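Let me begin by presenting the structure, written as structure tokens, before commenting on it.
Naming convention: chains lettered A, B, ... in sequence-line order (proteins, then strands); numbering from 1 in each chain. Side chains are part of it too, since the values below use all heavy atoms of this structure and drop only hydrogens, waters and symmetry mates. For clarity, every value in this text was computed on a predicted model and none was experimentally measured.
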Amino acid sequence: EVQLAESGGGLVKPGGSLSLSCAASGFAFSSYNMNWLRQTPTKGLEWVASISSGQNYIYYADSVKGRFTVSRDNARGSLFLQMTSLRSEDSAVYYCARVGGAGRYDSWGQGTQVTVSS
Amino acid sequence: QSELTQPPSVSGAPGQRVTISCTGTKSNIGAGFDVHWYQQIPGTAPKLLIYSNNNRPSGVPDRFSGSKSGTSASLTIAGLQTEDEAIYYCHAHDDVVRVVFGGGTKVTVL
């Protein structure tokens, strides 16, 4: 069974940093592109970052470019999101998702809450 | 704001058919990219419901179907059931911003 489990969320002050992790199991992690997505009640679902299976291609949403860094450890089946210079508008539930054919998100983690507040 | 436009809510009685529209632009749906649909029960993660316009993953009931034409797509639930109460999102690749989602449509079973 495919499983994705995010961790690392929490409360952080504006300007602070936080690192999220996503532990993958039940599939050949190194063969799949992975994405980070986030969701808020006001802005809905938002794509954050993409990383290809071999880390050759990495993309970021304009809203996080220069502040967030996505990486992965294929040997450990893990995906990471390093977030710096956090703003209140970065507050959201963050999901990691596996990318299937045609860009569909065929598996999602349970999400981890990030709250940026003083 | 969302790049794909969905109605905020739709409702229907059990057994009725409801359709959710998803309107995009020439940089996403109109460019020929596939549309995917997700179902989200509040408090849980979204779940893939329809992929590549009209395909159901294993385990998704056949009362769910999708279609796409031009710059729009739609999700139809034929024979609405109480367990279908959820929020539904459409999603597509976009030439400009890479990934776009709809704002979500809440389905209420009357």
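Contacts of B/H93 with chain A are absent, with no heavy-atom separation under 4.5 Å from either backbone or side chain. B/P46 touches chain A through backbone and side chain together, each having a heavy atom under 4.5 Å away. Neither the backbone nor the side chain of B/F33 comes within less than 4.5 Å of any heavy atom of chain A.
Contact check on A/K65 versus A/D62 returns a salt bridge, with a Lys/Arg side-chain nitrogen under 4.0 Å from an Asp/Glu carboxylate oxygen. A salt bridge links A/R67 with A/D90: the closest approach of a Lys/Arg side-chain nitrogen to an acidic carboxylate oxygen falls below 4.0 angstrom.
Highest contact tally toward chain A, considering only B/A45, B/S52, B/P57, is held by B/A45 [criterion: heavy-atom pairs under 4.5 Å].
A/Y105 and A/W108 have perpendicular rings, their planes meeting at more than 60° on a 0 to 90° scale where under 30° would count as parallel.
Here the two rings, on B/Y38 and B/Y88, have centers that are 6.0 Å apart or farther.
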